[in-house]
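Given the structure is predicted, the values throughout are model-derived calculations rather than measurements.
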Amino acid sequence: MIGPGKIKIVGTRKQPSTPEECLRRAHALQQQADRLNPYPRPRGFVFKAKTYADYEAWRRSQKNPRLW
């Protein structure tokens, strides 16, 4: 039994990675997420609406949630 004020430690902590290693792992995770996502990644574009209501109407009509 652990007494009051004591912390139970399980296992060991991994040493911090280099920025290059973190970037490589983030890229791999993003690729896996893209494969699981049913919506394709859209090309970049600019949508200009005259009013906020027009923008909301356009946004609601989109089936791909990655557009907004």
Side-chain angles (χ1 to χ4, degrees):
M1 184 162 167
I2 298 175
K6 300 276 184 169
I7 298 174
K8 182 177 180 180
I9 298 174
V10 179
T12 58
R13 198 164 182 197
K14 195 173 181 183
Q15 293 296 322
S17 300
T18 63
E20 293 81 15
E21 174 68 16
C22 291
L23 185 63
R24 186 189 65 74
R25 292 177 70 195
H27 183 66
L29 282 173
Q30 185 63 50
Q31 284 181 332
Q32 289 176 357
D34 287 341
R35 275 185 255 138
L36 292 173
N37 191 353
Y39 299 103
R41 176 172 272 186
R43 288 183 57 205
F45 68 96
V46 176
F47 176 77
K48 294 183 180 181
K50 292 192 185 255
T51 65
Y52 189 72
D54 291 344
Y55 167 71
E56 283 295 319
W58 172 82
R59 197 182 79 153
R60 284 192 190 109
S61 70
Q62 301 306 307
K63 292 185 170 100
N64 187 346
R66 291 182 101 171
L67 291 177
W68 44 269

Exceeds 12 heavy-atom contacts within 6.0 angstrom, atom CG of Leu29: yes
Distance (rounded to the nearest 0.5 Å) between Gln32 CD and His27 NE2: 11.0 Å
Phe45 and Trp58 aromatic ring geometry - parallel, tilted or perpendicular at 30°/60° bounds: perpendicular
Any residue meeting side chain to side chain donor-acceptor pair (under 3.5 Å) with Glu21, in chain and number order, not counting sequence neighbours: Arg24
From CG (Asn37) to CD (Gln30), nearest 0.5 Å: 9.0 Å
Atom pair CD (Gln31) and CG (Asp34), whose distance is rounded to the nearest 0.5 Å: 7.5 Å
